[in-house]
Amino acid sequence: MVQIYTHEDVSKHNTRDDLYMIIDKKVYDITKFVDEHPGGDEILIEEGAKDASGPFDDVGHSPDARQMLVKYYVGELDPEVTMPINQSKPVVVQSANTVKTVNDGASGNPLRILIPVAFFIGYIYWRFFLNQ
Ligand code: HEM
């Protein structure tokens with residue numbers, strides 16, 4: 001059966017002698033790899049014990065590097081825990097957009113009010129002062 005880990009479980013494996021890492025929702029025990037990593041041990045210890053999918057991709061690791069992961073696979077990231085975290089991101093983005101939209105509307109509002117008011121004042125001025 002596949003072993004399931006939460007972020008919290010992984011965060012406990014945070015030393016050179018016991019180091020886990022999450023990459024693309026899979027959990028790896030990279031303890032034995034720390035000294036072999038061509039990119040150095042420090043970076044693995046720094047990025048270890050958490051989700052390092054971003055940094056791993058950013059480096060542009062070769063397909064060989066990705067293939068090496070298979071050797072260190074120990075289980076999957078708990079989808080129950082992962083899903084709300086992933087879902088919370090779009091919600092935040094959505095609310096940020098909503099706020100932005102509301103702000104955009106609010107910044108348009110003064111003009112929408114000012115222009116008719118300016119016309120109205122102009123009309124009153126023309127009607128009562130110029131047209132007598
Ligand atoms: C267990 C996961 C990892 C494995 C199996 C792995 C494997 C490798 C391999 C095989 C290389 C040699 C170049 C290549 O083939 O792409 C490499 C280079 C490198 N890795 Fe990793 N890596 C892992 C995680 C990470 C992480 C999380 C970082 C964080 C940024 C990182 C940073 C680097 C850097 C900076 C290099 C040097 C790149 C260069 O000199 O061109 N690696 N890694």
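Whatever order the structure lists ligands and atoms in, that order sets their numbers, starting from 1. One-based numbering along the sequence shown.
- With a 4.0 Å cut-off on non-hydrogen atoms, M68 touches ligand 1 through its side chain and not its backbone.
- Here the heavy atom of the protein found nearest to atom 8 (C) of ligand 1 is H61 CD2, 3.3 Å.
- Of the protein's heavy atoms, L44 CD2, 3.9 Å lies nearest to atom 26 (C) of ligand 1.
- Closer than 4.0 Å to atom 41 (O) of ligand 1 lies none of the heavy atoms of the protein.
- Here the protein heavy atom with the shortest distance to atom 13 (C) of ligand 1 is S62 OG, 4.7 Å.
- Between T31 and D29, the side chains place a donor N or O and an acceptor N or O closer than 3.5 Å (distance only, hydrogens not considered).
- With ligand atoms numbered from 1 in the order given, ligand 1 contributes 27 (C) to contacts under 4.0 Å with heavy atoms of M21.
- No donor-acceptor pair under 3.5 Å is formed between the side chain of K71 and the backbone N or O of Q67.
- With a 6.0 Å radius and a threshold of 12 heavy atoms from other residues, nucleotides or ligands, E36 has its CD atom above the threshold.
- No other N/O/S atom of H37 lies as close to atom 21 (Fe) of ligand 1 as NE2 does.
- Taking each heavy atom of L19 and A49 in turn, the nearest pair found is CD1-N, 4.1 Å.
- Using a 4.0 Å cut-off to heavy atoms of I43, the atoms of ligand 1 that qualify are 29 (C), 30 (C).
- Proximity to I23 (heavy-atom distance under 4.0 Å) selects the following atoms of ligand 1: 2 (C).
- The nearest protein heavy atom to atom 20 (N) of ligand 1 is closer than 4.0 Å.
- In this structure, Y28 falls outside the shell of residues with a heavy atom less than 4.0 angstrom from ligand 1.
- Ring pair Y28/Y73 is perpendicular by interplanar angle, where above 60° counts as perpendicular and below 30° as parallel.
- Close approach to I30 involves these atoms of ligand 1, each under 4.0 Å from a residue heavy atom: 1 (C).
- Residue Y72 does not touch ligand 1, judged by heavy-atom distances below 4.0 Å.
- For the atom pair CZ (R112) and CG (L114), the distance works out to 12.0 Å, reported to the nearest 0.5 Å.
- In terms of protein heavy-atom proximity, atom 37 (C) of ligand 1 is nearest to G39 CA, 3.8 Å.
- Heavy atoms only, all atoms of each residue included: I30 and M21 are closest at CD1-CE, 3.7 Å.
- By the 4.0 Å heavy-atom criterion, D58 is excluded from the residues contacting ligand 1.
- The two atoms that bring S53 and D24 nearest to each other are OG-N, 2.9 Å, heavy atoms only.
- Near A65, with a cut-off below 4.0 Å to any heavy atom, the atoms of ligand 1 are 5 (C), 7 (C), 8 (C), 9 (C), 10 (C), 16 (O).
- Contact check for I22 versus H7: side-chain heavy atoms found under the 4.5 Å cut-off.
- Defined by atom type and a distance below 3.5 Å, a donor-acceptor pair is present between the side-chain atoms of D9 and T6.
- Between Y20 and Y5, the gap from one ring centroid to the other is short of 6.0 Å.
- Using a 4.0 Å cutoff on heavy atoms, V59 counts as a contact of ligand 1.
- The single protein non-hydrogen atom nearest to atom 11 (C) of ligand 1 is P38 CG, 3.5 Å, given as residue, atom name and distance.
- Remark: atom 3 (C) of ligand 1 lies closer than 4.0 Å to at least one protein heavy atom.
- An N or O contact shorter than 3.5 Å is missing between E47 and ligand 1 by distance.
- With respect to the salt-bridge test (charged N to carboxylate O, under 4.0 angstrom), the residues D35 and R16 qualify.
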